[in-house]
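The structure appears right after this line, and notes come after that.
We count residues from 1, following the sequence as given.
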Amino acid sequence: MSGKKVLICCANGVATSTMVSVKCKNKFKERGISAEIKTCTSTEVRSKAQNFKPDIIISNAGKNIKVPDGIPVVYGVNILSGRDAEETWDEIFKVLEEME
């Protein structure tokens with residue numbers, strides 16, 4: 001899988017988005033996926049997405065965040081909790097594979 005761009009957002013753009021970012025970096029490395037990962041707050045996500053042009057947005061602030069059309073959003077809280085995390089990873093990787 002070629003280089004991907006991932007934007008991760010949470011309410012304040014610090015704690016949970018950073019934790020998910022670290023988990024993504026590790027998981028992507030395991031799968032041999034090169035990715036540029038950025039974090040932001042839920043209020044910044046629209047403008048950051050317009051500039052960064054991510055392939056996917058992982059949101060810890062819910063699925064109803066305002067993002068530019070065409071950018072898939074995956075709810076990432078399960079990555080933090082571990083509950084149903086594999087289903088969330090499967091959803092993330094499916095989105096990224098569809099963009100190949």
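- In this structure a side-chain-to-backbone donor-acceptor pair under 3.5 Å is missing from R83 to N78.
- Of the listed residues (N26, V6, I8), just one forms a side-chain contact (heavy atoms from CB on, under 4.5 Å) with S21, and that residue is I8.
- Between R46 and P68, the shortest heavy-atom contact is NH1-N, 3.8 Å.
- Annotation for C40 and V45: closest pair SG-CA, 3.7 Å, computed over non-hydrogen atoms.
- Taking OG1 from T16 and CD1 from I79, the interatomic distance works out to 11.0 Å, rounded to the nearest 0.5 Å.
- For the salt bridge (Lys or Arg N to Asp or Glu O under 4.0 Å) test, residues two or more places apart in sequence or in another chain that qualify with E86 are K27.
- A donor-acceptor pair under 3.5 Å is formed between the side chain of K5 and the backbone N or O of F52.
- Side-chain contact check for F93 versus I33: some heavy-atom pair is nearer than 4.5 Å.
- Between the side chain of E44 and the backbone N or O of T41 there is at least one donor-acceptor pair closer than 3.5 Å.
- The shortest distance between side-chain heavy atoms of E36 and P54 does not fall below 4.5 Å.
- Within 6.0 Å of CG in D84 there are more than 12 heavy atoms belonging to other residues, nucleotides or ligands.
- Summarising the geometry, atom CG belonging to N64 is positioned 10.5 Å from atom OH belonging to Y75; distances are rounded to the nearest 0.5 Å.
- With a 4.5 Å cut-off on side-chain heavy atoms, L7 and K48 count as touching.
- Residues C9 and S59 form a side-chain contact, since some pair of their non-hydrogen atoms from C-beta on lies under 4.5 Å apart.
- Two residues are said to be in side-chain contact when any heavy atoms from C-beta on lie closer than 4.5 Å; I56 and V74 meet this criterion.
- Residues W89 and L80 are members of one and the same hydrophobic cluster, defined by side-chain heavy-atom contacts under 4.5 angstrom among Ile, Leu, Val, Met, Phe, Trp and Tyr.
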